A.B. asks: 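One structure follows; several queries about it will come next.
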Amino acid sequence: MSTLTQSPAWLALDMHQAEMASRSLRTLFSEDPQRFSKFSLQFGDLLLDYSKQPVDETTIQLLLALAEQQKLADWLARMANGEKINFTENRSALHIALRANSPVFTDGVDVTQEVRRVLQQIEHFTEKIHGGMHRGYTGLPITDVVNIGIGGSDLGPVMVTEALRPCHVPQLRVHFVSNIDGAHLSGTLQQLNPATTLFIIASKTFTTQETLTNAHSARKWFLANGGSEQAIAAHFVAVSTNREAVSQFGINPDNMFEFWDWVGGRYSLWSAIGLPIALAVGMENFRSLLAGAQAMDHHFLTAPFEQNLPVMLGLIGIWQINFFHITSQAILPYDQSLHRLPAYLQQLEMESNGKRVNRNGETVDYSTGAVIWGESGTNGQHAFYQLLHQGTQKFTADFLAPCQCQHPLTEHHPMLLANFFAQTEALMRGKTAQEVRTELLNQHLPASEVERLLPHRVFPGNHATTSILFKKLDPATLGKLIALYEHKVFVQGIIWEINSFDQWGVELGKQLAGTILSELISDYPRAQHDASTRGLIDFYRAQQ
Ligand code: G6Q
């Protein structure tokens, strides 16, 4: 048994869970009409409502005691002070420095000076592209940007670029290619003219197989379709921490946008990895995104924990995962432009906290996260919500929506939000046998038919959800929202005593594929494999 699960704060929560589990959410709401005001928080125009979670005042006190026991405040300060909290890679985790408005130090150096330099470089480049000063090899302005990157060098920029579609500059289209599957790159290139296309090769390490393979193929396409070696400089730029590898690839380091090893891949959209965002929406909007995140950082670092949105969101997750033993967490944005948010949060949460040993290297005896998945509403309602309402799986869900829409079909928006509110209410309340009986009898069905249908029409309810509402999905609000989740992940990692900032599971994948590749493209070497893997390799080869 670990000391965490035997600690006073943990044991107190365990005992309290038995009591809370015996009280349904319906009961909690009927007992206390003030639940919403007690269990919701606001930061600017962002509302976090956790009143549909199985909590009462005691729960909150006990969760805050757990945060105190785990020294959350100290760890927060250690992160903000640039300590090397990513201790397996001996790095700090300083994404807050990327949007800071005051100095942030690591190793005695104020890193915000470098951050400002690169932001200026991004700004100048964006202005040159938008203003038509940076032109392609035939003298035509750039009309298309292709970001080639994967994982942290893709998911954040894709999610934000999609979310901020209403802010896009009209003269530029931004595309993203991540998959090693050639269909992704070739499908994208089909639509493009090399003379007006700019490639951003985005890779922190500049060694990732997918990105380098796609980058080499993009260069071949460029050269085979009218481009020349001399023209590469105008059509290829790199975003990386690895200057040497960038220059080996053939990109002049002058065309490189730098970031630093203290920026984790999945926390990097605020750095030069955000170049495609700046190109898509303009520098002013990119700076608003950073400012929104900075506002959330300030709130996280200064607000008392009981009023602190990331802290409370993190603690509610702990309550669900470790005490109600929830293993499934849905992310359900009622906003089409946030359709990539579930995929983004999947990486942020599952890569950060998908760990099984604590800081001392001991195997933990508690869960360190749920499986994150999701889909935008209302599409999900016509697909998997059936399981949520009447299936056997336990889950929790975050529902998110803007109060104002940014498209011209404004009459759709109340319908969208009505679905959000109705779903969270129905998941919480359910429908009892008595309610179903009354409903069916009102339809004048014979009593025998009512009893036959009854069990199929009952909804157990008591499904906990968290709702996040915001005024409008503008860049600053999006920045706040992303930083909210980044810090929630940090809070949970601290409670669980794990390193949220390494990713050895990802590194493993990078090594494994390389070993088998040689067996797929040549007869030798034939390495030892289990019978299944050998069978799959042989079947593949026989089909070539
Ligand atoms: C993120 C992970 C991982 C990484 C990709 C791409 O935190 O480390 O998703 O971003 O593997 O790595 P490169 O940017 O080095 O190509």
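Residues take their numbers from the sequence shown, with the count starting at 1. These numbers come from a predicted model, not from an experiment. Whatever order the structure lists ligands and atoms in, that order sets their numbers, starting from 1.
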A.B. asks: Would you call Arg91-Asp502 a salt bridge at under 4.0 Å N-O?
C.D. replies: no
A.B. asks: Below 3.5 angstrom, do we get any N/O pair linking Gly152 and ligand 1?
C.D. replies: yes
A.B. asks: Would the distance check show the side chain of Asn322 and the main-chain N or O of Ser367 forming a donor-acceptor pair, the cut-off being under 3.5 Å?
C.D. replies: yes
A.B. asks: What protein heavy atom sits nearest atom 15 (O) of ligand 1, and how far off is it?
C.D. replies: Thr205 OG1, 2.6 Å
A.B. asks: Could you tell me whether Arg534 and Glu519 have a side-chain N and a carboxylate O separated by less than 4.0 Å?
C.D. replies: yes
A.B. asks: So which heavy atom in the protein is nearest atom 6 (C) of ligand 1, and how far is it from that ligand atom?
C.D. replies: Ile150 O, 3.2 Å
A.B. asks: Can you tell me if Gln347 contacts ligand 1 (heavy atom of the residue under 4.0 Å from the ligand)?
C.D. replies: yes
A.B. asks: Identify the protein heavy atom lying closest to atom 11 (O) of ligand 1, giving its residue, its atom name and the separation to 0.1 Å.
C.D. replies: Lys510 NZ, 3.0 Å
A.B. asks: Would Glu507 count as a polar contact of ligand 1, with the cut-off being nitrogen or oxygen pairs under 3.5 Å?
C.D. replies: no
A.B. asks: In terms of atom number and element, which parts of ligand 1 are under 4.0 angstrom from non-hydrogen atoms of Arg266?
C.D. replies: 1 (C), 7 (O)
A.B. asks: Does a salt bridge link Glu486 with Arg99, judged by any charged N lying under 4.0 Å from a carboxylate O?
C.D. replies: yes
A.B. asks: Should His168 and Thr161 be marked as a side chain to side chain contact (heavy atoms under 4.5 Å, CB included) after you check the CA-CA gap, both sets of side-chain angles, and the distance that decides it?
C.D. replies: CA-CA 8 Å; His168 280 209; Thr161 305; 3.6 Å; yes
A.B. asks: Would one find an N or O of Thr211, backbone or side chain, under 3.5 Å from an N or O of ligand 1?
C.D. replies: no
A.B. asks: Quick one: which ligand 1 atoms are inside 4.0 Å of a heavy atom on Thr208?
C.D. replies: 12 (O), 13 (P), 15 (O), 16 (O)
A.B. asks: Apply side chain to side chain contact (heavy atoms under 4.5 Å, CB included) to the pair His339 and Ser376, showing each step before the final yes or no.
C.D. replies: CA-CA 5 Å; His339 70 112; Ser376 48; 4.1 Å; yes
A.B. asks: Looking at Arg266 and Glu351, is any side-chain nitrogen of the basic one under 4.0 Å from a carboxylate oxygen of the acidic one?
C.D. replies: yes
A.B. asks: Of the protein's non-hydrogen atoms, which lies at the shortest distance from atom 2 (C) of ligand 1, and what is that distance?
C.D. replies: Glu351 OE2, 2.8 Å
